[in-house]
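Every chain is numbered from 1 and lettered A, B, ... according to where its sequence line falls, protein lines coming before strand lines. Only a predicted model underlies this, so the values are computations on that prediction, with no experimental measurement involved.
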2 protein chains.
Amino acid sequence: MQSEAIIRRSPLFAGLSDEDLARIASITTDRAFKRGQIIFSEGETASAFYLVVYGRVKVYKVSPEGKEQVLHIIDPAEPFGEVPVFSGHSFPANAAALEDCQTLVFPRSSFLELLRREPSLAMNMLGLLSRRLVRFARLVEELSLKEVPARLASYLLYLKDKSGGSSEVDLDIPKNVLSALLGTVPETVSRILNRMATEGLISVEGRRITILDNQGIQDYAVGL
Amino acid sequence: MQSEAIIRRSPLFAGLSDEDLARIASITTDRAFKRGQIIFSEGETASAFYLVVYGRVKVYKVSPEGKEQVLHIIDPAEPFGEVPVFSGHSFPANAAALEDCQTLVFPRSSFLELLRREPSLAMNMLGLLSRRLVRFARLVEELSLKEVPARLASYLLYLKDKSGGSSEVDLDIPKNVLSALLGTVPETVSRILNRMATEGLISVEGRRITILDNQGIQDYAVGL
DNA sequence: CGGTGACTTGACAGGATTCAACAGAAGTGG
DNA sequence: CCACTTCTGTTGAATCCTGTCAAGTCACCG
């Protein structure tokens with residue numbers, strides 16, 4: 001069973017004994033979602049949270065007019081939907097599968113029990129939530145204090161870092177999701193990518209982007 | 001000593017035994033800040049977090065150009081600066097005193113020890129961080145998906161709710177702080193307040209605002 | 001009483017969204 | 001295997017919200 005393997009890989013469960021890991025695995029159930037499928041919606045009562053086994057998930061908000069703002073892209077081995085486990089009540093945002101994916105479902109009450117018994121698990125969870133807060137603070141900062149080109153440049157640098165420093169990076173998400181993550185619309189992303197290309201900072205071939213002028217991109221990222 | 005009184009009132013320490021509360025109080029030290037004084041800055045190594053005894057504190061980000069975005073207004077009995085206790089390292093934002101205030105300082109290591117010993121305290125902290133995440137998600141939503149008038153209307157409704165439902169509310173913070181909280185500038189806040197007044201939705205006398213048309217404000221809050 | 005900070009108002013510029021049309025790419029089904 | 005639909009991405013033009021700049025009022029404090 002691969003569920004225990006993915007649990008073992010997740011930072012959330014780092015440092016726990018084999019017995020604990022087995023006990024954790026025992027309270028989970030598997031659940032698959034098809035690409036585009038909604039996993040949960042804002043306001044719904046939450047009776048469980050999820051861990052991604054494979055595939056990716058977006059967590060997002062929607063305006064009355066239908067515009068989206070992506071809050072997180074969840075990669076394999078990362079949990080999502082864990083907030084209402086502790087703040088009570090209901091999901092504060094929506095989640096949908098970006099690709100076909102497999103998840104592990106952790107029922108709220110069983111997990112809380114485990115948590116109470118195992119201080120390390122609680123500490124891991126505190127670390128997880130704190131890192132999320134740090135990321136949120138950065139997101140707020142970017143949305144409020146920077147313009148779209150700077151956000152896009154930041155994202156390119158993030159991709160570069162993620163790919164181990166290579167100047168050739170692949171957009172890991174479709175551009176409409178990217179724009180929703182940057183708090184803008186696809187048209188704007190398209191235009192800015194274009195501008196950066198004509199300025200000689202990058203070259204774009206479909207979803208593959210090559211950073212030609214690292215310094216130039218960094219200047220963009222801080223706002224010229 | 002009022003420190004134990006404020007600890008007792010804080011949700012973070014709810015449900016703990018008197019001994020625990022005494023032990024918690026014993027690891028804290030007092031620290032006062034003058035109005036406007038910086039408490040900590042982004043990037044600084046964090047060796048402690050704070051609990052407000054009286055006065056209020058703003059937690060905020062600053063752009064290279066000096067523009068501010070307020071993330072939280074911290075009221076008495078609320079903690080702040082607790083994130084780096086768990087995510088390691090350094091403060092992800094800045095904090096400054098909005099008024100003369102008194103705080104309790106919790107050293108990181110002693111607090112972590114307490115936390116490990118007392119599961120309820122860990123659960124309380126998980127609840128606290130989760131609520132912060134919910135608030136952040138809402139902030140991101142407002143900044144990205146709503147225009148300034150809608151954000152301002154939301155804030156007015158928040159004030160009304162906070163004051164127990166009275167239609168007469170007092171702005172609890174100066175307008176330049178309010179604008180930084182709404183992700184805009186004082187001029188814009190001024191103009192929108194004016195527009196709402198001429199539309200008969202509110203009346204403004206200095207810092208006191210009377211909501212004349214609740215439905216109208218609610219319509220504003222969701223975007224017309 | 002000079003001075004600083006809070007707040008307001010007007011004029012202006014500009015970044016970004018909206019609307020619309022279109023080109024490829026991808027996925028579906030007969 | 002090809003036509004058809006759908007989704008993704010691009011480009012252009014017009015609009016508008018919001019920030020910036022500048023000036024000026026009012027209140028409070030040393």
- Message: Is the phosphate of D:dT11 approached by A:Asn194 (side-chain N or O, under 4.0 Å from OP1 or OP2)?
- Response: yes
- Task: With rounding to the nearest 0.5 Å, note down the distance linking CG in B:Asp100 to NZ in B:Lys34.
- Result: 8.5 Å
- Task: Starting at atom CG of A:Leu98, determine the distance to atom C1' of D:dC7, rounded to an integer number of angstrom.
- Result: 15 Å
- Stepwise, does the salt bridge (Lys or Arg N to Asp or Glu O under 4.0 Å) test hold for B:Arg208 with B:Glu168? CA-CA 7 Å; B:Arg208 157 164 257 100; B:Glu168 297 200 3; 3.1 Å; yes
- Item | C:dG5 OP1/OP2 closer than 4.0 Å to side-chain N/O of B:Lys175 | no
- So which heavy atom on B:Ala137 is nearest to which on A:Lys61, and how close? O-CE, 3.7 Å
- Going by atom types alone, do B:Glu142 and B:Ser154 pair a side-chain donor with an acceptor below 3.5 Å? yes
- Query: Roughly, in whole Å, what's the span from CD1 in A:Ile173 to P in D:dG9?
  - Reply: 10 Å
- Atom pair OG1 (B:Thr188) and CG (B:Leu193), whose distance is rounded to the nearest 0.5 Å: 11.5 Å
- Message: Nearest whole Å is fine: how far is D:dT18 P from B:Glu142 CD?
- Response: 13 Å
- Item | Donor + acceptor pair across side chains of A:Tyr220, A:Glu199 (<3.5 Å) | yes
- Round to the nearest Å and state the distance from A:Lys34 atom NZ to C:dG27 atom P. 16 Å
- Message: Based on the rotation axes of five pairs at each end, what angle does the helix from C:dC1-D:dG30 to C:dG30-D:dC1 bend through, to 10°?
- Response: 40°
- Could you tell me the separation between the CG atom of B:Leu171 and the C1' atom of C:dA6, rounded to a whole number of Å? 13 Å
- Message: Measuring from atom CG of A:Leu143 to atom CD of A:Gln69, what distance do you get when rounded to the nearest 0.5 angstrom?
- Response: 5.0 Å
- Sole candidate of B:Phe40, B:Phe111, B:Phe80 that passes ring pair (Phe, Tyr, Trp, His ring centres under 6.0 Å) when paired with B:Phe49: B:Phe111
- Output the distance between atom CD1 (B:Ile74) and atom CG (B:Leu71), rounded to the nearest 0.5 Å. 9.5 Å
- Whole-Å gap separating C1' (C:dG14) and CD (B:Glu65): 15 Å
- Rounded to whole Å, CG of B:Leu193 lies from P of C:dC7 at a distance of 11 Å
- Task: Please state how far atom CG in B:Asn176 lies from atom P in C:dC7, giving the value in whole angstrom units.
- Result: 6 Å
- Letter by letter from the 5' end, nucleotides 15-25 of chain C scores (B base, S sugar-phosphate only, - none; protein heavy atoms under 4.0 Å) -SBBBB-----
